[in-house]
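The figures that follow rest on heavy atoms only: side chains count, while hydrogens, waters and symmetry mates do not. Just follow the structure's listing: the first ligand is 1, and inside any ligand the first atom is 1. Quantities reported herein were computed from a predicted structural model and do not represent experimental measurements.
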Amino acid sequence: MRPVSLVLFLTFTLLAFNDGHILPGAAEDKSREKKVWATAGSSAVLPCYLGPKKMWKSWKHLPDKTSVQWKRHGRSAHQEPHMVLEVGYSGLRKTALHMRPRVSVQDSALRDGNFSLQIDPVRSEDAGLYEAQVTYNTGVQSCQVELGVITVTLSPPSPVVENEPLLLSCNSSHQVSLVETRWFHNGRLVPTSGTFFSLNGALSILRPAMSDEGSWSCQLRYSDNVIVSATYNLQILGFDGPTNSVVYAASGSAADLPCTLNYFPSAFGINMVRAHWSHLAGGHLQVWGISQNLSSRSFPHHLPAVGPGDAGQYHCTISVGSKTISRVVTLAVVTVTPSIQGPVSEGSRLLLICSLTHLWGHERFQWRHLHSAPADSKLAAVTSHNLQGHRPQMSPTLEIPRVSQKDTGTWECSVYGPEGRLGAVEYGLQITGAQVSSPPTIFSGQVIFGLTLTLFLLLMVCVLALALQRRARSPAFPALEGLVAVTVPKKKEMEENQKEETQQTAC
Ligand SMILES: *[C@@H]1O[C@H](CO)[C@@H](O)[C@H](O)[C@H]1NC(C)=O
Ligand SMILES: *[C@@H]1O[C@H](CO)[C@@H](O)[C@H](O)[C@H]1NC(C)=O
Ligand SMILES: *[C@@H]1O[C@H](CO)[C@@H](O)[C@H](O)[C@H]1NC(C)=O
């Protein structure tokens, strides 16, 4: 299988440019040589047309019994040429076994006179001299094409992963001494110092980063002034998103830690991926394996409910083929700690402390009061400080000096960074009725009522007792008895506490 990542672009550098047409009826074997350059891994076309292009296009049909045979000459003069591809006049094709799937001529070759040989993909050992012999009823014509191959070598082989030193080198089949190699990245000449350095024409990238992706071209200049170039499209396998990603989660809520590759491993021809997460918590290492899924490039870790103890660094490690890459994701937990545990009494002083397990120094905190009805919460958040006089609080601690009924409901602490809102945590404030620790105001009303009632009942008992005594001694003044019974309670009620003891002794 051809690795898809090896998108090698064919760069034709035609040297002795020569149209190389054969004119039927012209002197036999009058061939002219041309040279074609191709990059290993891409395709090459060795041109051969019967007659000038303009001419053969207008032809209705070629002479009868036309056939073509492509041969490759041996590397040295004494080596016999060997057959590459043959199309007989009946259309029957023969192809050399070792090149079978890679070489072709157009199906319409015998009809339209395009006998060009296509090699796809080209290998470095394909370099050499090729010759086509077109035989027709009145003679034989030939095309000679020399194929030069430029090879771009990547070391270590693909996939290239982030931060792993990389060496790109170029060579070609041109048998002349090399004078100079120049490198271009996305069309710009690369200075071979600093990040990159050149070693015998090879380019070294010490710490490949995502910015090093793109097209890399080598330009080889030989002592005979021949210049050839090849381009390699470099893809670096790494992670999506920032290098140091931080996930903010409210204490008690779920968190998903992301770990996503920037490419599907299959794009590199890799079908073996393993991923695991690890976290060092309280001195012991926790490891979670991720089930292998080849149709995915995402390997998140789900935490159902996080607490401050879960905060910290999580490592996502992915093995792609023989390479292992790893990324750190930091979990930062936002927590609210109230100064009063449990239900809060009305009138008490409450502090809500918003804290973040990881502070980088650029965070801002904002407190807002959301109304308890969820449907209205958005509106309430906007209007709360106007209606209730609560300004958005910009410090991590919210102070409510005297908790009142209007403070019930949800309080939200949001954490903001330079890039916007990072996370938020909510606190539900519930208020219980009276507080017992502030006696004077709350006490008096109820106590006075109770005492008055008791006094009144005592007085009634006394009055009744006195009346019964008098009736028993002298029944002579009934009207006076009734008067006493009516006036005494009213008078006593006004004098209250002081009279309590005297009345009781009078009884
Ligand atoms: C001739 O055939 C080759 C491949 O066999 C093809 O790439 C090329 O475009 C053809 N030429 C024309 C002019 O059609
Ligand atoms: C160029 O390098 C490749 C890989 O190292 C090698 O296979 C090939 O034979 C070399 N070609 C020449 C002409 O040296
Ligand atoms: C693999 O990933 C695909 C796409 O993300 C998903 O639809 C499928 O359910 C996953 N299979 C398993 C076994 O996780």
Side-chain angles (χ1 to χ4, degrees), residues 2 4 6-26 30-73 81-136 140-150 173 228-231 233:
R2 191 157 59 108
V4 187
L6 279 162
V7 184
L8 290 163
F9 296 98
L10 174 69
T11 312
F12 290 107
T13 311
L14 297 176
L15 296 171
F17 186 77
N18 181 333
D19 257 43
H21 299 130
I22 351 161
L23 297 161
K30 189 164 180 186
S31 59
R32 280 167 291 174
E33 194 188 311
K34 64 187 289 187
K35 187 149 185 177
V36 164
W37 284 98
T39 306
S42 68
S43 71
V45 174
L46 312 188
C48 185
Y49 297 100
L50 192 64
K53 277 177 202 164
K54 281 180 221 111
M55 209 203 275
W56 61 255
K57 268 187 180 162
S58 60
W59 282 3
K60 293 287 168 283
H61 52 80
L62 291 178
D64 282 345
K65 299 214 167 176
T66 305
S67 65
V68 64
Q69 187 185 45
W70 274 98
K71 285 186 292 191
R72 181 180 167 181
H73 288 262
H82 60 261
M83 193 273 285
V84 172
L85 182 137
E86 207 177 281
V87 186
Y89 61 81
S90 61
L92 188 74
R93 285 171 185 240
K94 278 193 232 164
T95 313
L97 207 58
H98 71 284
M99 291 186 92
R100 176 157 289 162
R102 300 189 293 121
V103 289
S104 62
V105 293
Q106 285 193 337
D107 288 340
S108 56
L110 298 185
R111 275 200 318 279
D112 62 18
N114 179 359
F115 298 102
S116 304
L117 181 73
Q118 186 172 41
I119 309 177
D120 187 16
V122 169
R123 295 181 186 161
S124 59
E125 66 265 24
D126 293 337
L129 181 63
Y130 291 78
E131 183 175 353
Q133 283 192 338
V134 181
T135 312
Y136 52 97
V140 178
Q141 300 296 321
S142 78
C143 296
Q144 278 200 351
V145 183
E146 194 185 337
L147 174 65
V149 180
I150 313 159
S173 55
V228 294
S229 65
T231 300
N233 187 26

Note to self: Can you confirm whether the side chains of Gln133 and Gln69 place a donor and an acceptor under 3.5 Å from each other?
What the structure shows: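 Distance-only check fails for Gln133 and Gln69.
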Check: Is Asn114 close to ligand 1, meaning an N/O of one under 3.5 Å from an N/O of the other?
Finding: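 Yes, Asn114 has an N/O under 3.5 Å of an N/O on ligand 1.
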Notebook entry, point to check: Looking at ligand 1, does any of its N/O atoms fall within less than 3.5 Å of an N/O of Gln118?
Noted result: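 Between Gln118 and ligand 1 (N or O atoms, distance only) the closest approach is not under 3.5 Å.
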Next item on the list: Measure across Leu147 and Ala38 and return the closest heavy-atom pair with its distance rounded to 0.1 Å.
Entry: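 In terms of heavy atoms, the two residues are closest at CD1-CB, 4.1 Å.
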Item checked: For Ser173 against Trp37, the heavy-atom pair lying closest together ->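 Closest approach of Ser173 to Trp37: OG-CZ3, 3.9 Å.
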Notebook entry, point to check: Who passes side-chain contact (heavy atoms from CB on, under 4.5 Å) against Thr95, sequence neighbours left out?
Noted result: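 With sequence neighbours excluded, Thr95 shows a side-chain contact (heavy atoms from CB on, under 4.5 Å) to Leu85, Arg100, Val103, given in chain and number order.
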Item checked: Enumerated ligand 1 atoms positioned under 4.0 Å from heavy atoms of Val45 ->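 Heavy-atom distances to Val45 below 4.0 Å select 7 (O).
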